[in-house]
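These values consider heavy atoms only, across backbone and side chains, with no hydrogens, waters or symmetry-generated copies.
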Amino acid sequence: MVVTNAYCLQATYARGAWVGAIVGTFVAAALVYYWLRPTLPKFWKSWGLPLALGVIIVLGGLIMLAIPMLRDRVLSIFSGSKDSSNNVRLEVWKAVGKMIHDRPLFGFGPGDRVFKKVYPIYQTSPRFSATGAYSIFLETIVEIGYLGFACLIWALLVTFNCGIQGLRQLRAIRDPQAFWLMAAIVSMVAALFQGATDTVWYRPDIQTLWWLTIGIVASFYRGVAEKDLNALPSPDLLPIYSVDA
């Protein structure tokens, strides 16, 4: 899967996916370090994570320098409107900002069909047509307003909190099932960072994977506490995972 995804990243030159992959790699390193930390010698407890992140950054930099096309594509992220893809997004975001300004609280309604009908009224030029806001966060605000966006953020915080609490308890009993949970958390983070500049949730294949990761995190909500309550060092955390809840 790593080889397949790496090839797709190279073949598509999708910069949003690159950002998601890079951030996901950092998060994966941090979570694996968190899992291993109780068993590490004193030196690696202090320097293991900084060294791992440093190696990732150096390797990424060397790969970018070795492949000119990759280097140019990465640098284009910071070229602003000089890059055609950046320019389209910037112009669409200007129109989206006006849409949000007109209906900030409840939005225009859910669904891409609504966006397709409303966006032409606000678009800055016929050249910059769009079927979405090029951002899952902006799309959410356009569709269901800041109230809906607040609900989304709250749902994400609850889900990530559930995942971290579950990981903490799995680490306490050294259950290797934690690696499924870590993979789900990393996938969620990567999808969110890619979605910052693209409406990836409107692609059924990506949306299916997104809800799969949510389901994996949710599957640990009750299962952790039922596995081995007596082995947990922090009894005050257990009511979060009680069967009654």
> Starting at CD1 of Ile153, measure out to OG1 of Thr140 and round the result to the nearest 0.5 Å.
8.0 Å
> Between Arg15 and Asn86, is there a side-chain heavy-atom distance shorter than 4.5 Å?
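SC-SC contact between Asn86 and Arg15 confirmed.
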> Between Ala190 and Gly24, which heavy-atom pair has the shortest distance, and what is it?
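Reported closest heavy-atom pair: CB-CA, 4.5 Å.
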> Looking at residues at least two apart in the chain, or sitting in another chain, which of them share a side chain to side chain contact (heavy atoms under 4.5 Å, CB included) with Thr25?
Ile56
> Partners of Ala28 by side chain to side chain contact (heavy atoms under 4.5 Å, CB included), sequence neighbours excluded?
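Ala28 satisfies side chain to side chain contact (heavy atoms under 4.5 Å, CB included) with Val186 only.
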> Could you list all the salt bridge (Lys or Arg N to Asp or Glu O under 4.0 Å) pairs where at least one residue sits in residues 106-126, not counting sequence neighbours?
Asp112-Lys116
> Residues in ring pair (Phe, Tyr, Trp, His ring centres under 6.0 Å) with Phe106, at least two apart?
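Applying ring pair (Phe, Tyr, Trp, His ring centres under 6.0 Å) to Phe106 gives none.
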> Kindly indicate whether the side chain of Val118, heavy atoms from C-beta on, has any atom under 4.5 Å from the side chain of Met99.
yes
> For Tyr7, is the OH atom crowded, meaning more than 12 foreign heavy atoms sit under 6.0 Å from it?
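No - once you tally the heavy atoms of other residues, nucleotides and ligands closer than 6.0 Å, there are 12 at most.
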> Hey, could you give me each pair passing ring-ring contact (aromatic ring centres under 6.0 Å, His included) that has a residue in residues 118-143? Not counting sequence neighbours.
Phe115-Tyr119
> Hydrophobic clustering (ILVMFWY, side-chain heavy atoms < 4.5 Å, transitive) - are Leu157 and Phe193 grouped together?
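In one cluster with Phe193: Leu157, yes.
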> Arg103: what forms a side chain to side chain contact (heavy atoms under 4.5 Å, CB included) with it, not counting sequence neighbours?
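Residues passing side chain to side chain contact (heavy atoms under 4.5 Å, CB included) with Arg103: Phe108.
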> Show me, pair by pair, the donor-acceptor contacts under 3.5 angstrom made by side chains of residues 29-39, not counting sequence neighbours?
| residue | atom | partner | partner atom | Å |
| --- | --- | --- | --- | --- |
| Tyr33 | OH | Arg37 | NE | 3.0 |
| Tyr33 | OH | Lys45 | O | 2.1 |
| Thr39 | OG1 | Leu36 | O | 2.8 |

> When rounded to the nearest 0.5 angstrom, what distance separates OH in Tyr13 from SG in Cys8?
13.5 Å
> Linking I/L/V/M/F/W/Y whenever their side-chain heavy atoms sit closer than 4.5 Å, directly or via other members, would Leu181 and Phe179 fall into one cluster?
yes
> With sequence neighbours left out, what residues match Trp180 under ring pair (Phe, Tyr, Trp, His ring centres under 6.0 Å)?
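None.
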> What pair of heavy atoms forms the shortest contact from Ala196 to Ile136, and how long is it?
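Looking at all heavy atoms of both residues, the shortest contact is N-CG1, 4.4 Å.
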> Among all residues two or more places apart in sequence or in another chain, which pass the side chain to side chain contact (heavy atoms under 4.5 Å, CB included) test with Pro41?
Trp44
> Any chance you could measure Leu138, atom CG, to Thr197, atom OG1, to the nearest 0.5 Å?
10.5 Å
> May I have all residue pairs that pass ring-ring contact (aromatic ring centres under 6.0 Å, His included) and include part of residues 141-176, sequence neighbours excluded?
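Checked against ring-ring contact (aromatic ring centres under 6.0 Å, His included) - neighbours excluded - no pair reaches residues 141-176.
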> What's the spacing between Leu152 CG and Ile141 CD1 if we round to 0.5 Å?
9.0 Å
> Consider only side-chain N and O atoms of Glu139 and Thr199, and report whether a donor and an acceptor are under 3.5 Å apart.
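No - no donor-acceptor pair under 3.5 Å links their side chains.
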> CD1 of Ile57 to CD1 of Ile22: how many Å apart, nearest 0.5 Å?
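Going from the CD1 atom of Ile57 to the CD1 atom of Ile22 covers 10.0 Å.
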> To the nearest 0.5 Å, what is the distance between CH2 (Trp211) and CE (Met188)?
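Result: 9.0 Å between the selected atoms.
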> Could you tell me whether the side chain of Asp175 and the main chain of Gln177 form a donor-acceptor pair under 3.5 Å?
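Such a contact is found between Asp175 side chain and Gln177 backbone.
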> Give me each pair satisfying salt bridge (Lys or Arg N to Asp or Glu O under 4.0 Å) with a member in residues 177-196, each pair once, sequence neighbours excluded.
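Listed by first then second residue: nothing to list.
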> Which other residues end up in the same hydrophobic cluster as Met1, if Ile, Leu, Val, Met, Phe, Trp and Tyr are linked when side-chain heavy atoms come under 4.5 Å apart?
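None; Met1 is a cluster of one.
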